[in-house]
Amino acid sequence: MENETKARLTVILSYYRTPDNLKVILDAFRRQSHKDFEIIVSEDDFNEETIAFLQHEMRTSPYTIHHLHQDKDVGFRKNMMLNKSLKLCRTDLVTFIDGDCIPHKHFVKEYIKHIKEGIFLGGRAVMLGPNLSADIRKDLTMGNRSFLSLVFSDSKKVK
C-alpha cells in the first residue's frame, strides 16, 4: 500500500522509455537500508505501459511514488519535467538520479546523513560491463550482488 507518511528525502528519478531499467531501479529502492523517502518518477514522455506499471508500483511499494509525465512526447523536455517535479516535493531534502542509475542499498541513508544546508552532494556512477548489464536486465533486479562483484565484473571503467 502506498505510504503516505511524511518522507525525509525526495528522490527525483529522471526517466525516458527504459521500462526494464525502471524495474531494476525501483527494486533497488525497495532494498534501501533507510526507508524514509519518497520517489518522483519524472518522465519526459507519455507512455501508457509506464503509467500502468507505476500505478501498480504505487499500490504495492513500501515508499511513496509519484509519477509526472508529459501530455505527449514532443522532444527533449527533461529539465522542464525536473522543475515540475521539484514543485511536487513534500520534503526539504532532494536528490536527483537518472533513469540508468541503480542506487546502492545505502544510497538514501548516506544522502540523509551527509546533506546539510549550503552543501552540494554529488555521486559517482560505476559503469557496468556488458555481461553484468545483460544479467541485470535478464533478472530485472540487482539481487544480492555485492560491491566487489561489481568491481570485479567485466567493466572496463573501474576506478
Side-chain angles (χ1 to χ4, degrees), residues 1-71 73 77-117 119-128 132-133 135-147 149-150:
M1 191 78 144
E2 184 178 356
N3 182 1
E4 286 299 328
T5 61
K6 174 84 166 133
R8 187 131 179 248
L9 175 74
T10 298
V11 178
I12 298 178
L13 168 59
S14 182
Y15 172 76
Y16 184 76
R17 292 190 182 179
T18 51
D20 288 348
N21 287 2
L22 185 58
K23 290 172 185 170
V24 173
I25 293 166
L26 294 181
D27 179 68
F29 276 112
R30 284 182 185 274
R31 299 170 187 268
Q32 289 297 299
S33 61
H34 191 90
K35 309 290 187 193
D36 196 7
F37 65 96
E38 67 179 1
I39 293 180
I40 299 174
V41 178
S42 182
E43 182 181 11
D44 188 17
D45 192 11
F46 179 86
N47 182 298
E48 298 210 12
E49 177 186 352
T50 300
I51 292 168
F53 169 72
L54 286 173
Q55 286 174 345
H56 175 265
E57 287 294 305
M58 288 175 192
R59 289 188 302 273
T60 62
S61 175
Y63 49 84
T64 301
I65 299 174
H66 302 281
H67 179 214
L68 293 178
H69 57 79
Q70 303 288 6
D71 294 329
D73 186 1
R77 297 183 294 170
K78 173 184 174 181
N79 294 331
M80 183 181 77
M81 290 307 296
L82 293 176
N83 286 332
K84 286 182 178 182
S85 296
L86 280 170
K87 290 179 183 178
L88 187 61
C89 289
R90 299 183 309 177
T91 67
D92 294 329
L93 304 178
V94 179
T95 187
F96 298 85
I97 68 168
D98 282 334
D100 61 353
C101 295
I102 305 167
H104 183 274
K105 70 180 179 180
H106 298 304
F107 177 88
V108 170
K109 179 179 91 173
E110 291 301 316
Y111 265 86
I112 289 173
K113 179 179 173 183
H114 294 289
I115 206 166
K116 293 177 180 50
E117 187 172 334
I119 301 294
F120 177 83
L121 298 175
R124 182 177 189 101
V126 175
M127 305 303 290
L128 303 179
L132 182 56
S133 294
D135 286 348
I136 292 169
R137 284 195 183 97
K138 181 178 70 182
D139 296 344
L140 295 180
T141 179
M142 280 295 289
N144 291 323
R145 290 179 175 89
S146 69
F147 176 73
S149 73
L150 301 177

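Here the straight-line distance linking atom OG1 of T18 with atom CD1 of I25 works out to 6.5 Å at 0.5 Å rounding. Once rounded to the nearest 0.5 Å, the distance linking CD of Q70 with CG of N47 reads 12.5 Å. With rounding to the nearest 0.5 angstrom, the OH atom of Y15 is 13.0 Å from the CE atom of M81. Summarising the geometry, atom CD1 belonging to I40 is positioned 13.0 Å from atom NZ belonging to K84; distances are rounded to the nearest 0.5 Å. Annotation: the span from L54 atom CG to E43 atom CD amounts to 7.5 Å, rounded to 0.5 Å. Residue K109 holds its NZ atom at 14.0 Å from CG of D36, rounded to the nearest 0.5 Å.
Ring pair F29/F37: centre-to-centre distance below 6.0 Å.
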**OP:** For side chain to side chain contact (heavy atoms under 4.5 Å, CB included), just list the numbers for H34 and L9, CA-CA rounded to whole Å, side-chain angles, deciding distance to a tenth of an Å, and then say yes or no.
**Re:** CA-CA 10 Å; H34 191 90; L9 175 74; over 6 Å; no

**OP:** Apply side chain to side chain contact (heavy atoms under 4.5 Å, CB included) to K87 and N83, showing your working.
**Re:** CA-CA 7 Å; K87 290 179 183 178; N83 286 332; 5.8 Å; no

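Here the side chain of R59 pairs a donor or acceptor atom with the backbone of Q55 at under 3.5 angstrom. Side-chain N or O atoms of K113 include none that pairs as donor or acceptor with a backbone N or O of V108 at under 3.5 Å.
Here the closest heavy-atom approach between residue H69 and residue I51 is recorded as NE2-CD1, 3.8 Å. Across all non-hydrogen atoms, the minimal contact from G99 to L13 is CA-CD1, 3.8 Å. Scanning all heavy atoms of the two residues, the minimum distance from Q32 to H106 falls at OE1-C, 3.9 Å. Taking every heavy atom of both residues into account, D44 and K78 meet most closely at OD2-N, 3.1 Å.
Two residues are said to be in side-chain contact when any heavy atoms from C-beta on lie closer than 4.5 Å; F96 and I12 meet this criterion. At a threshold of 4.5 Å between non-hydrogen side-chain atoms, the residues Y63 and L26 count as touching. Residues T50 and D45 fail the side-chain proximity criterion, which asks for heavy atoms closer than 4.5 Å. Taking the side chain as every heavy atom from C-beta outward, P19 and E49 approach each other to under 4.5 Å. With a 4.5 Å cut-off on side-chain heavy atoms, R30 and T60 count as touching. Counting only heavy atoms from C-beta outward, the side chains of L121 and E110 never approach each other to under 4.5 Å. Within the 4.5 Å cutoff, the side chain of Y111 has no heavy atoms near those of the V11 side chain.
Salt-bridge formation is not detected for the pair K23/D27: no Lys NZ or Arg NE/NH1/NH2 atom is positioned less than 4.0 Å from an Asp or Glu carboxylate oxygen.
Heavy-atom neighbours of H114 NE2 from other residues, nucleotides or ligands within 6.0 Å: above the threshold of 12.
A search for side chain to side chain donor-acceptor pair (under 3.5 Å) contacts involving E38 returns T10, H66, R90, not counting sequence neighbours.
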